[in-house]
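Written below as structure tokens is the structure these notes are about.
Note that ligands are numbered from 1 as they come in the structure, with each ligand's atoms numbered from 1 the same way.
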Amino acid sequence: MEIKQVGVLGAGLMGHGIAQVVAQAGYDVVLREADQGALDKGVGKIERQLARAVEKGRAEQADADAVRARIAPTLDYGDLAGCDLVIEAITEDLGLKLEMWREVDAVAAPEALFATNTSSLSVIDQAASTSRPDRFFGLHFFNPAQVMKLVEVVRGITTTDQTFDAGLEFTKSLGKMGIPTRDKAGFIVNRLLVPYMLDAIRAYEEGVGSIEEIDAAMKAGAGHPMGPLLLADFVGLDTLGAICDVLFDEFRERRFARPPTLRKMLAAGWYGRKSGMGFYDYSGDEPVGNPAV
Ligand code: 3HC
């Protein structure tokens, strides 16, 4: 089936980036959010990224305008009726996702494909709640979606070859590298990356180094673009907490358990960069290590 119009559910950290990437590849996008404030914020971020691309000479104004014009923001599930593919990128909470799929399943065309951008939840748990488990798969983008090359294309146990191939083909059409993977918690990247970030928190708890020292060491010593504690803030500590809970629940291994520091930071409402406070304090021009952690 030809994909022309794509629905993106959620205009948050991942959803706005996915919507932009999909629109840049020439698809019409319906971007659905639950409330107007979050929708405006997500669309505003896309507009700023497009303006920056023009400023830097990476895009013509007319192309940036055309990308923006292909994105139709909405609060109404009914606007997803014409979509050939719907990608969800809402909060990492299975209950909320199932509630949302119930609404989408009721309005989407029977032949439309559904994909989840979940970081760690099982694809089958969502697929089975819809009328189309055969046309359901995972499309896991990385933050920032506009920049990161990888998309994990996840085959659930009910995903047909036709659906999976369409997912790989769609990923390629976005100019991304699609890596096929199976429906195992954390897929490839988070299975390896999440215990690494959690270990960095434990290393900090054990006094191996300060926040800045641990990050600087991994940048200079391992060639990473960001240190693990800045990366944890960047991913969102709430998201990191949700992923490690899923992984711990699935594998029952200590390496996936929440370190006490993470638990306390979440209780304090410190979710990382998006909340302005995490392992770093983001209130100034440059992030500085949070002395209260
Ligand atoms: N949105 C859109 N574009 C962005 C961006 C954002 N949030 N952040 C940076 N960019 C773009 C910038 O516009 C810039 O492009 P330009 O020079 O043409 O304008 C380019 O990326 C480089 O940005 P900067 O010069 O500001 O900064 P860096 O060179 O340090 O790159 C980074 C920033 C790309 C974020 C880099 O630090 C990086 O790769 N960090 C690691 C990111 C990572 O590991 N992501 C995966 C997280 S795990 C995940 O997402 C899985 C999930 O399930 C948890």
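Taking 4.5 Å as the limit, every side-chain heavy atom of Asp249 sits out of range of all side-chain heavy atoms of Phe256. Contact of the Gln36 side chain with the Asp40 side chain is registered, since non-hydrogen atoms from C-beta on lie closer than 4.5 Å. The side-chain heavy atoms of Thr239 and Tyr271, taken from C-beta on, include no pair separated by under 4.5 Å.
Less than 4.0 angstrom separates atom 25 (O) of ligand 1 from none of the non-hydrogen atoms of the protein. For atom 1 (N) of ligand 1, the nearest protein heavy atom lies closer than 4.0 Å. Checking atom 32 (C) of ligand 1 against the protein gives no heavy-atom contact under 4.0 Å. The protein reaches atom 10 (N) of ligand 1 closely, with a heavy atom under 4.0 angstrom from it. There is a protein heavy atom less than 4.0 angstrom from atom 21 (O) of ligand 1. Within the 4.0 angstrom cut-off, atom 28 (P) of ligand 1 has no protein heavy-atom neighbours.
The heavy atom nearest to atom 37 (O) of ligand 1, considering only Glu92, Gln146, Met226, His16, is found in Met226. Comparing Arg58, His224, Met148 against atom 18 (O) of ligand 1, the shortest heavy-atom distance belongs to Arg58. Closest to atom 3 (N) of ligand 1 by heavy atom, among Met197, Gln49, Lys56, Lys149, is Gln49. In the candidate list Pro225, Ala145, Gly17, Pro225 is nearest to atom 36 (C) of ligand 1, counting heavy atoms. Evaluated by nearest non-hydrogen atom to atom 13 (O) of ligand 1, the leading choice among Lys45, Arg52, Arg273 is Arg52.
Ring planes of Tyr204 and Phe279: perpendicular class, angle over 60° (limits at 30 and 60°).
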Exercise. How far apart are the C-alpha atoms of Tyr27 and Arg70, what are their side-chain angles, what is the distance that settles it, and do they pass the side chain to side chain donor-acceptor pair (under 3.5 Å) test?
Worked result: CA-CA 7 Å; Tyr27 297 97; Arg70 280 197 287 277; over 6 Å; no
For this session: Give the intermediate values and the outcome of side chain to side chain donor-acceptor pair (under 3.5 Å) for residues Asp105 and Ser131.
Result: CA-CA 7 Å; Asp105 207 17; Ser131 64; 3.0 Å; yes
Exercise. Under the salt bridge (charged side-chain N to carboxylate O under 4.0 Å, His left out) criterion, do Asp65 and Arg68 qualify, and how do the steps go?
Worked result: CA-CA 5 Å; Asp65 291 345; Arg68 174 62 191 86; over 6 Å; no
Exercise. Between Asp281 and Ser283, is a side chain to side chain donor-acceptor pair (under 3.5 Å) present by the stated rule, with each step listed?
Worked result: CA-CA 6 Å; Asp281 176 346; Ser283 55; 2.7 Å; yes
Exercise. Would Arg155 and Asp161 satisfy side-chain contact (heavy atoms from CB on, under 4.5 Å), going step by step from the backbone distance to the final call?
Worked result: CA-CA 9 Å; Arg155 184 195 282 269; Asp161 286 349; 2.9 Å; yes
Exercise. Given the rule in the side-chain contact (heavy atoms from CB on, under 4.5 Å) test, do Val6 and Asp84 qualify, once you have shown the distances and angles that lead to the verdict?
Worked result: CA-CA 6 Å; Val6 178; Asp84 308 299; over 6 Å; no
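The side-chain contact (heavy atoms from CB on, under 4.5 Å) with Thr116 is formed by just one residue from the set Ile90, Val123, Val154, Asp125; it is Val123.
Using modelled atom types, no side-chain atom of Ser120 and backbone atom of Val246 make a donor-acceptor pair closer than 3.5 Å.
Within the listing of ligand 1, atoms 47 (C), 48 (S), 54 (C) sit less than 4.0 angstrom from a heavy atom of Val235. Every atom of ligand 1 is numbered from 1 in the order shown, and the set under 4.0 Å from a heavy atom of Val147 is 3 (N), 4 (C), 10 (N), 11 (C), 21 (O), 34 (C). Each of the atoms 48 (S) of ligand 1 lies under 4.0 Å from some heavy atom of Leu193.
Only the side chain of Leu231 comes within 4.0 Å of ligand 1, judged by heavy-atom distances. When heavy-atom distances to ligand 1 are checked against a 4.0 Å cut-off, Val189 has no atom that comes that close, whether in backbone or side chain.
Counting only heavy atoms of the protein, atom 53 (O) of ligand 1 lies nearest to His140 NE2, 2.7 Å. Nearest to atom 45 (N) of ligand 1 among the protein's heavy atoms is Asn143 O, 2.8 Å. Atom 6 (C) of ligand 1 has its closest protein heavy atom at Pro144 CB, 3.4 Å. Of all protein heavy atoms, the one lying nearest to atom 51 (C) of ligand 1 is Phe142 CD2, 3.4 Å.
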